[in-house]
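Just so you know, these numbers come straight off a predicted model, no measurement behind them. Every number for a ligand or one of its atoms is a count from 1 in the order of the listing.
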Amino acid sequence: MNIEKIIASLEAKHPGELEYHQAVKEVLISIEEIYNQHPEFENASLIERLVEPDRIFTFKIPWADDNGKVHVNIGYRVQFNNAIGPYKGGLRFHASVNLSILKFLGFEQTFKNALTTLPMGGSKGGSDFSPRGKSDAEIMRFCQAFMLELWRHVGPNMDVPAGDIGVGGREIGYLFGMYKKLTREFTGTFTGKGLEYGGSLIRPEATGFGGLYFVKQMLETKNLSLEGKTIAVSGFGNVAWGAITKATEMGGKVVTISGPDGYVYDPDGISGEKIDYLLELRSSGNDIVSPYAEKYPSATFIANHRPWEVKVDIALPCATQNELKGEDAALLISNNVICVGEISNMGCTPEAIDAFIEHKILFAPGKAVNAGGVATSGLEMSQNAMHLSWGAKEVDERLHNIMHGIHAQCVEYGTEKDGYINYVKGANIAGFMKVAHAMMAQGVV
Ligand code: 2IT
């Protein structure tokens with residue numbers, strides 16, 4: 001495999017799609033050695049086929065705001081790979097959304113979904129629509145307009161969307177409602193649905209909970225536990241909320257959250273009613289975190305800074321891609337960080353990841369540590385297909401088993417000669433080999 005050549009060809013075909021090139025490069029570096037041991041892969045041009053999405057839909061979304069003014073956004077669905085199951089992945093509504101971001105997310109999703117052991121291919125979609133400051137009625141009209149185009153391309157055995165940044169239970173409800181009306185069928189085409197209409201218990205918490213089950217396993221490889229550890233979390237959305245809830249329950253102390261405006265440092269720990277307040281803050285729709293520090297006197301708001309400058313044992317990026325950079329990693333390392341888990345997708349830059357690995361710090365990539373969200377989506381699909389619903393204990397036990405299984409795969413494929421577990425390598429190889437074997441078995445399609 002000639003990595004430079006493949007990346008150069010992607011850059012020529014898709015200029016400027018930096019996040020997409022970044023995600024592909026990370027995987028290629030990890031799998032190069034094992035790929036070269038399989039000449040049949042090279043003969044089948046497996047890599048060239050794997051790095052391009054199967055297809056992409058883009059569409060115009062005109063919608064009217066509460067004053068009757070019409071706006072136009074762009075909608076996308078990137079169906080990346082369905083070698084191991086129907087396309088599956090979230091929708092992101094955020095002003096920054098573009099094809100590069102959705103292609104990187106769809107590519108990552110393909111391997112992440114493979115790691116869960118559930119039969120799900122990879123896809124991603126969304127829009128450059130920003131829910132910030134929009135009324136409920138505006139959100140509903142936008143979701144309906146989005147669905148007027150997307151409904152033809154999704155289905156329970158075709159492509160199953162869910163939430164991501166800017167898309168939560170409310171949006172899934174509006175999207176599903178319109179889908180149901182257009183198809184005149186009640187099927188499990190979305191996950192993250194409300195409990196009353198086919199949703200799964202634990203799904204809202206699953207990304208954060210699964211992340212902490214994984215972090216616990218990582219610490220146990222060094223005979224450590226979460227008890228008494230200080231933790232920096234970024235973001236204050238659904239994922240951060242789930243992670244903080246579980247980290248606190250496991251005896252850790254979360255001392256930061258962040259938003260686009262800066263971060264909040266609360267040395268007393270974010271626990272109890274402060275965690276519930278996060279939900280209130282998020283649903284205010286303002287997308288700023290500073291009100292937390294106005295409400296709780298123990299906290300300080302630091303404008304325009306990232307939380308990685310605080311001395312902590314564990315760092316958990318829970319906001320967005322490339323939010324933890326090389327200089328942040330250097331700060332964390334100089335503060336003796338023990339463990340970093342990328343609960344956001346591609347939360348760390350390549351420079352940051354290289355620094356953590358070079359310093360033999362426990363580092364988990366997103367496709368392993370944040371797979372609990374989509375895994376529980378897979379469990380929602382199973383329940384929908386069987387027309388029944390499991391109790392919280394059953395879902396949580398399955399989530400536990402899946403996260404343990406992912407950890408075991410990382411250990412199997414990522415343990416280096418000196419005993420250091422390279423989770424990036426382990427997750428990439430395990431995810432890739434599964435998808436590769438499925439593609440080989442199905443011929444040139
Ligand atoms: O990045 C992710 O794994 C998600 N946003 C969840 C996707 C899903 O289909 O539940």
Side-chain angles (χ1 to χ4, degrees), residues 19 23 76-82 84-94 97 101-127 150 154-156 158-169 171-172 175-176 188-194 198-211 214 235 237-243 317-321 323 341-347 364-384 395 398-399 402-403 406 427 431:
E19 294 85 359
Y76 307 91
R77 187 71 178 166
V78 179
Q79 295 183 335
F80 220 100
N81 185 296
N82 68 351
I84 64 169
Y87 300 108
K88 177 84 195 91
L91 296 171
R92 177 176 292 191
F93 291 170
H94 191 269
V97 162
I101 289 179
L102 295 180
K103 282 165 76 175
F104 115 65
L105 288 165
F107 181 76
E108 288 284 294
Q109 198 79 45
T110 300
F111 302 107
K112 184 198 304 192
N113 293 2
L115 288 173
T116 67
T117 68
L118 301 175
M120 301 182 289
S123 61
K124 207 83 191 190
S127 173
L150 189 68
V154 295
M158 192 191 294
D159 186 358
V160 182
D164 193 82
I165 294 170
V167 178
E171 290 74 19
I172 294 292
L175 293 162
F176 178 72
T189 297
F190 280 84
T191 62
K193 299 186 293 295
S200 176
L201 286 162
I202 315 280
R203 178 62 190 89
E205 298 90 335
T207 309
F209 278 23
F214 196 94
N238 168 265
V239 171
W241 165 74
C318 292
T320 193
Q321 67 274 352
E323 55 169 316
E342 227 182 19
I343 307 191
S344 48
N345 289 311
M346 206 163 79
K367 61 173 79 67
V369 70
N370 78 26
V374 74
T376 310
S377 278
L379 300 177
E380 184 171 332
M381 289 167 71
S382 308
Q383 294 168 76
N384 291 166
V395 178
R398 286 177 188 268
L399 173 60
I402 290 169
M403 297 314 294
I406 297 172

ask   = Does a salt bridge link K88 with D159, judged by any charged N lying under 4.0 Å from a carboxylate O?
value =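 No, this pair does not count.
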task = Give a yes or no on whether a salt bridge exists between R203 and E380, defined as a side-chain N under 4.0 angstrom from a carboxylate O.
result =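 Looking at R203 and E380, the cut-off is not met.
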message = Test: salt bridge (Lys or Arg N to Asp or Glu O under 4.0 Å). Region: residues 117-126. Which pairs qualify, not counting sequence neighbours?
response =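 Qualifying pairs: K124-D164.
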key: Worked check of side chain to side chain contact (heavy atoms under 4.5 Å, CB included) between M381 and V160   = CA-CA 9 Å; M381 289 167 71; V160 182; 3.8 Å; yes
request  = Could you list the residues that satisfy side chain to side chain donor-acceptor pair (under 3.5 Å) with E323, not counting sequence neighbours?
outcome  =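 So E323 forms a side chain to side chain donor-acceptor pair (under 3.5 Å) with S234, S344.
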message = Going by side chain to side chain donor-acceptor pair (under 3.5 Å), name the residues that satisfy it together with T207, two or more places apart in sequence or in a different chain.
response =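 With sequence neighbours excluded, T207 shows a side chain to side chain donor-acceptor pair (under 3.5 Å) to no residue whatsoever.
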Quick check for students: name every N or O atom pair between ligand 1 and the protein closer than 3.5 Å, with distances.
unit_1   : atom_1 : unit_2 : atom_2 : d
ligand 1 : 1 (O)  : K112   : NZ     : 3.0
ligand 1 : 1 (O)  : K124   : NZ     : 3.0
ligand 1 : 1 (O)  : N345   : ND2    : 3.0
ligand 1 : 3 (O)  : Q109   : NE2    : 3.1
ligand 1 : 3 (O)  : K112   : NZ     : 2.7
ligand 1 : 5 (N)  : K124   : NZ     : 3.3
ligand 1 : 5 (N)  : G163   : O      : 3.1
ligand 1 : 5 (N)  : D164   : OD1    : 2.9
ligand 1 : 9 (O)  : K88    : NZ     : 2.7
ligand 1 : 10 (O) : R203   : NH2    : 2.9
ligand 1 : 10 (O) : S377   : OG     : 2.5

